[in-house]
Amino acid sequence: MSGLDDRAFGQLGAAFFQRPAEQVARDLIGVTLLVDGVGGTIVETEAYDSEDPASHSFRGPTPRNAVMFGPAGHVYVYRIYGLHWCLNFTVGLGAAVLIRALRPETGLEAMRARRRGVADRLLCAGPGRLCEALAVEGAMNGHSLMAPPFELRQGEARPAVVASRRIGLSVGVDTLWRFSLSGSPYLSKPVPAER
DNA sequence: AGCTTGATTGCCT
DNA sequence: GGCAATCAAGCTA
């Protein structure tokens, strides 16, 4: 249901990112993300924009979130809880997509080494875990997604995507801007059952 | 200058 | 399910 079909292209271009965050977030499910040749298929994302009280950009530009107000198609990396990194893709106008989980496929040895003793299913099952497995860190903040070490490739088929509430928020909890690959065992958390 | 809190994770009971 | 780890951004003053 995206307004734009990039599936004809092998590599994602700038136009892919210049759209509303929830559309980009949904369309990123099934896309392959590699950082220095290590990564896999994105299975979970969340959208944030400047109208959203849960977003870092809600109260306007600051030193930390400046990249969100810059051009689309760049990475916004920030530290959370003083411990972990979180990776986002900017989509312009203060909006971005948090990359929450992916299915580890390429460079498994590197990921296992970086996350010692962890089951493969949990290598990239969460924003902080994913950054550890892919060696994403603050120094990459502001870097373009269309240049090394980043590589994004479109998937073959359009995957089944489910929307649900975002995780870990104290505000904006009713917005269904978490997107997951239906039935994937590599999610940070299962999608709650409907009722 | 001081205080609060967080788009998390892993280990404990 | 509960909670500690660990610290800087952002807010109040």
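Each chain gets a letter, A, B and so on, in the order the sequences are listed, and its residues count up from 1.
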*B/dG6 P sits how many Å from A/I167 CD1, rounded?*
16 Å
*By a strict heavy-atom criterion of less than 4.0 Å, which residues belonging to residues 169-181 of chain A are in contact with DNA chain B?*
A/L169, A/S170
Could you go over nucleotides 9-13 of chain C and give all protein N or O partners under 3.5 Å, atom names and distances?
from	atom 1	to	atom 2	distance (Å)
C/dA9	O3'	A/R64	NE	3.3
C/dG10	OP1	A/T62	OG1	2.3
C/dG10	OP2	A/T62	OG1	3.2

*Ignoring hydrogens and geometry, is there a side-chain-to-backbone donor-acceptor pair from A/H74 to A/G142 under 3.5 Å?*
yes
*asked:* Counting C-beta onward and ignoring hydrogens, is there a side-chain heavy-atom pair between A/N141 and A/Y76 closer than 4.5 Å?
replied: yes
*Are A/H143 and A/F150 close enough that their ring centres sit under 6.0 Å apart?*
yes
*For the pair A/T90 (side chain) and A/G92 (backbone), establish whether a donor and an acceptor sit closer than 3.5 Å, ignoring hydrogens and angles.*
no
*asked:* Taking only the P atom of each, what is the distance from C/dT6 to B/dG2 in whole angstrom?
replied: 23 Å
*Could you write out DNA chain B as a dot-bracket string, with dots for unpaired bases, | for bases paired across to another strand, and Watson-Crick or G-U pairs counted at under 3.5 Å?*
||||||.|||||.
_A/K189 NZ to B/dA7 C1', straight-line distance once rounded to whole Å_ = 12 Å
*Lys/Arg-Asp/Glu bridge criterion (N-O < 4.0 Å) met for A/E109, A/R112*: yes
*In whole Å, what is the span from the CG atom of A/D52 to the P atom of B/dG6?*
14 Å
*Are A/M111 and A/L87 connected, step by step, through hydrophobic side chains (Ile, Leu, Val, Met, Phe, Trp, Tyr) whose heavy atoms are closer than 4.5 Å?*
yes
*Near DNA chain B, which residues from residues 94-116 of chain A have a heavy atom under 4.0 Å away?*
A/L98, A/R100, A/R115
*asked:* Using only atom types and a distance under 3.5 Å, with no angle test, would you say the side chain of A/R121 pairs donor to acceptor with the backbone of A/P185?
replied: yes
*Do A/R165 and A/L176 come within less than 4.5 Å of each other through their side chains, counting heavy atoms only?*
yes
_Could you tell me how far apart A/R129 (CZ) and B/dA7 (P) are, to the nearest whole angstrom?_
17 Å
*d(CG, A/L187; P, B/dT9) in whole Å*: 13 Å
*Kindly indicate whether the side chain of A/L34, heavy atoms from C-beta on, has any atom under 4.5 Å from the side chain of A/V38.*
no
*Could you tell me whether a side-chain N or O of A/R115 sits under 3.5 Å from a main-chain N or O of A/L123, the two making a donor and an acceptor?*
yes
Would you mind writing out the side-chain donor-acceptor pairs for residues 98-106 of chain A within the sub-3.5 Å range, not counting sequence neighbours?
from	atom 1	to	atom 2	distance (Å)
A/R100	NE	A/E44	OE2	2.7
A/R100	NH2	A/S188	OG	3.1
A/R103	NE	A/E105	OE2	3.1
A/R103	NH2	A/E105	OE2	3.1
A/E105	OE1	A/T41	N	3.4
A/E105	OE1	A/T41	OG1	3.1
A/E105	OE2	A/T41	OG1	2.8

*Side-chain donor or acceptor of A/N88 paired with backbone N/O of A/A96 under 3.5 Å*: no
*Does atom CG of A/L145 have more than 12 heavy-atom neighbours from other groups under 6.0 Å away?*
yes
*Take atom C1' in B/dA7 and the same atom in C/dG1, then report the distance between them in whole Å.*
22 Å
*State whether A/F179 and A/R166 meet the cation-pi test: NZ (Lys) or CZ (Arg) under 6.0 Å from the six-membered ring centroid, and within 45° of the perpendicular axis.*
no
*Has the side chain of A/R26 got a donor or acceptor atom that lies under 3.5 Å from a matching backbone atom of A/E22?*
no
Tabulate protein N/O versus nucleotide N/O from nucleotides 1-8 of chain C, keeping only pairs under 3.5 Å, one per line.
from	atom 1	to	atom 2	distance (Å)
C/dT6	O2	A/Y81	O	2.4

*Taking the six-membered ring of A/F17 (Phe, Tyr or Trp), confirm whether the NZ or CZ of A/R19 is under 6.0 Å from its centre and within 45° of its axis.*
no
